[in-house]
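Note sheet for the following structure.
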Amino acid sequence: MIDTSATAALPTSPAPIIELQAVSKSYREAGRSHVVLDRIDLRVERGELVVLLGKSGSGKSTLLNLLAGIDHPDSGSVAVAGTEITGLSERERTIFRRRHIGFVFQFFNLLPTLTVLENLLLPLELEGRIGGRDRNRCLEMLAAVGLAERAASFPDRLSGGERQRIAVARSLVHQPKLIVADEPTGNLDVDTGREVIELLDRLTRQTGRTLFMATHSREVIGVADRIITIEHGGLVELERAESP
Amino acid sequence: MTSLLWKASFRHLLRHPWQLALAVLGVALGVAVVVGIDVANGSAQRAFELSSEALSGRTTHQIVGSGGELPEDLYRKLRADLGLNLTAPVVEGHVGHVDSGGEVLLMLGVDPFAEAPFRDFVATGPLTEVDLGRFLTLPGATLLSPDTAERLSVVPGERFEVDIGGAIRSLELVGSLQPSDESQRAALSDLVIVDIATAQEVLGLTGRLSRIDLIRPPEMTEGELTSLVEPLLPPGAELMAIRSDSSTVEQMTRAFRLNLQALSLLALLCGGFLIYNTMTFAVVQRRPLLAILRALGTTRRQVFRLMLGEALLIGIVGTIVGELAGLLLGQSLTERVTQTINDLYFVVNVRQVSVAPWTLVKGGILGLAATAAAAITPSLEATNTEPREALVRSELEARVHRAIPLLSRLGALLLATGGALLALPGKSLWLGFFGLFAVLVGFSLLTPLFTKALMAAAFELEAAHTAAVGD
Ligand SMILES: Nc1ncnc2c1ncn2[C@@H]1O[C@H](COP(=O)(O)OP(=O)(O)OP(=O)(O)O)[C@@H](O)[C@H]1O
Ligand SMILES: [Mg+2]
């Protein structure tokens with residue numbers, strides 16, 4: 001705990017990894033407009049582990065999609081690692097995403113027709129770099145998540161927890177600047193969920209990366225540097241419980 | 001394009017064998033119909049050419065009477081008075097072979113002495129082997145090609161019966177005609193050659209001829225021949241140049257060919273429609289996968305190429321299957337088409353289905369091009385996949401599904417109309433073709449319904465399979 005607050009207090013770089021300015025997003029449905037995010041501002045420093053809480057339907061996934069360049073805000077600007085992604089074309093955003101963002105979703109993470117190792121290699125291959133060293137790094141990542149012996153298995157032969165661990169490994173394998181996780185433990189039981197969170201926490205911190213994670217479960221609060229909730233379209237920063 | 005993406009795609013196809021089979025079937029059906037019709041078209045065309053060639057030989061002109069009859073002495077006058085030695089009298093008519101249940105044969109009554117320049121199979125070969133006297137004098141003496149004799153189960157010296165408008169006549173096989181090549185063999189297969197006197201007697205045309213074949217002497221111009229012959233012609237009779245466009249045979253075959261070609265194009269359209277359908281379903285089903293790929297940074301262009309490549313793979317397999325099936329289909333279609341020609345025009349006999357290599361090449365090109373064309377829209381749709389769609393069944397499917405009841409009703413209506421038209425007795429040529437068109441279009445409109453039902457069944461089968469294998 002002391003460790004985490006120290007990291008938060010001493011950002012390694014002056015440029016923030018995430019910077020949102022007056023970002024709004026609404027959805028049209030049945031002729032009615034429904035505002036999900038209303039002119040929000042947010043700044044996240046490199047190496048921080050941010051947890052996003054909020055009721056179902058409050059807009060957590062919407063915010064994550066904006067950060068990852070999957071979706072486009074109605075107005076405002078989104079900058080990630082110094083790049084204003086709201087100014088990029090669709091194709092540029094796609095390429096930015098594969099180079100700089102790592103994903104962990106709640107489910108449907110892995111390609112069912114690729115083996116575990118191939119799933120890990122995919123982000124690297126999409127980037128156009130694949131060689132013996134990359135293969136080794138994938139195997140190391142597999143070892144790091146404790147699944148080295150499952151390299152040749154297909155995802156449907158793995159348990160839910162194992163799949164999420166693979167997803168964690170994949171989100172890190174191409175050394176992205178930002179890891180975005182949308183309820184990575186939503187489908188898992190409490191103990192398995194805790195393992196996956198520990199893994200995410202350990203691996204992102206080891207490499208000094210930023211993790212932005214949306215979740216329902218309050219269990220992850222313990223590992224967070226910052227806790228943010230979405231209420232009525234606005235962001236509310238929760239004060240960390242007083243340090244022990 | 002990365003090899004891992006291809007690998008994932010390929011394995012996906014293999015993991016869904018039922019759907020793969022359906023998609024391949026869609027392509028194969030389209031190609032099969034095109035190839036099948038083309039084969040039938042080509043065979044019928046060849047049959048036309050062979051028949052008209054073999055029956056008219058090197059004839060350049062024909063004299064035809066009004067009502068298909070000419071007085072016999074016109075022939076004598078042409079030869080004796082005008083000195084036109086390159087003339088041959090013909091008496092012809094259709095007869096039914098009694099023992100085979102009425103197989104239609106063309107009885108061709110000829111003068112063997114006049115035939116040599118016209119139809120060499122009559123003048124040479126056989127008549128040196130059979131007793132010419134018997135052929136000329138024996139009432140009902142006939143010549144058949146060996147194939148025909150075998151088909152009708154008659155041996156030389158044996159008698160067989162034919163039906164002419166309800167009257168039964170007995171003929172005797174006295175010898176066989178040796179076709180000199182394949183084309184003659186085909187042309188001869190429905191011919192009964194008899195002496196002109198026998199034909200006149202059997203067909204009830206005593207003293208009359210069906211037509212007179214002429215070969216214009218090389219030293220004579222078209223105009224000279226006309227001015228020479230025309231004064232002799234009885235009222236209503238005509239001198240026709242048979243190689244020109246005015247030839248009835250030429251006209252009929254052209255019209256028929258055009259119809260078949262239109263039919264073939266229509267079939268391609270149906271094929272394309274089937275392919276479009278299967279590819280659309282393939283994309284819809286793949287949405288969650290595509291969503292992951294897009295999230296991981298696969299560009300739209302890559303997704304497009306991936307889906308199109310997959311479609312082409314299906315297209316190649318489907319095209320090969322379709323070509324093979326098309327050849328089989330062509331065989332049975334040829335019979336149908338020949339039947340139609342026989343009913344509508346005159347008797348041609350296609351015992352042999354001929355396949356031009358170009359037919360297969362065309363089928364291949366069309367199959368792949370149609371696959372690509374039909375897959376473009378679904379592939380473009382695939383590129384619109386957003387990662388957040390991962391759990392949502394797409395719009396696209398809903399769109400297709402919404403149109404299904406309308407399409408199906410329209411299809412059923414067309415199918416019924418076409419069927420009724422085809423069942424109509426004594427229909428005209430155009431009604432017949434219109435009926436066939438309606439059936440084809442109706443069928444293609446019904447395919448989305450079938451595809452949907454089959455896809456649902458395929459999903460279930462696979463679900464059951466997965467459940468049985470278990471995790
Ligand atoms: N494509 C869309 N079209 C219309 N409305 C949408 C769309 N995506 C999200 N919404 C709406 O926006 C709101 C926020 O959705 P979002 O998925 O961001 O919530 P969330 O906080 O992630 O919820 P959960 O915890 O259930 O995942 C919801 O009311 C949702 O219905
Ligand atoms: Mg969500």
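Order of the sequence lines fixes the chain letters, A, B, ..., with proteins taken first and strands second; residue numbering starts at 1 for each chain.
- Looking at A:E90, only its side chain comes within 4.5 Å of chain B, counting heavy atoms on both sides.
- A donor-acceptor pair is defined here as one N or O able to donate and one able to accept, closer than 3.5 Å; no such pair exists between the side chain of B:E310 and the backbone of B:F10.
- For the pair B:L293 and A:L126, the minimum side-chain heavy-atom distance is 4.5 Å or more.
- Across every non-hydrogen atom of A:G76 and A:T86, the tightest pair is O-CG2, 3.9 Å.
- Contact of A:L114 with chain B is made through backbone and side chain together, with heavy-atom distances under 4.5 Å.
- Between the A:R46 side chain and the A:T210 main chain, no donor and acceptor come within less than 3.5 Å of each other.
- For A:L121, the parts sitting under 4.5 Å from any heavy atom of chain B are the backbone and the side chain alike.
- Inter-residue side-chain proximity for A:L142 and A:R150 is flagged as unmet; no heavy-atom pair is nearer than 4.5 Å.
- When each of A:I101, A:L111, A:I95 is checked for heavy-atom pairs under 4.5 Å with chain B, A:L111 comes out on top.
- Contact count versus chain B (heavy atoms, under 4.5 Å) is highest, among A:P112, A:G69, A:S171, for A:P112.
- Contacts between A:R170 and chain B at a heavy-atom distance below 4.5 Å involve the side chain alone, from C-beta outward.
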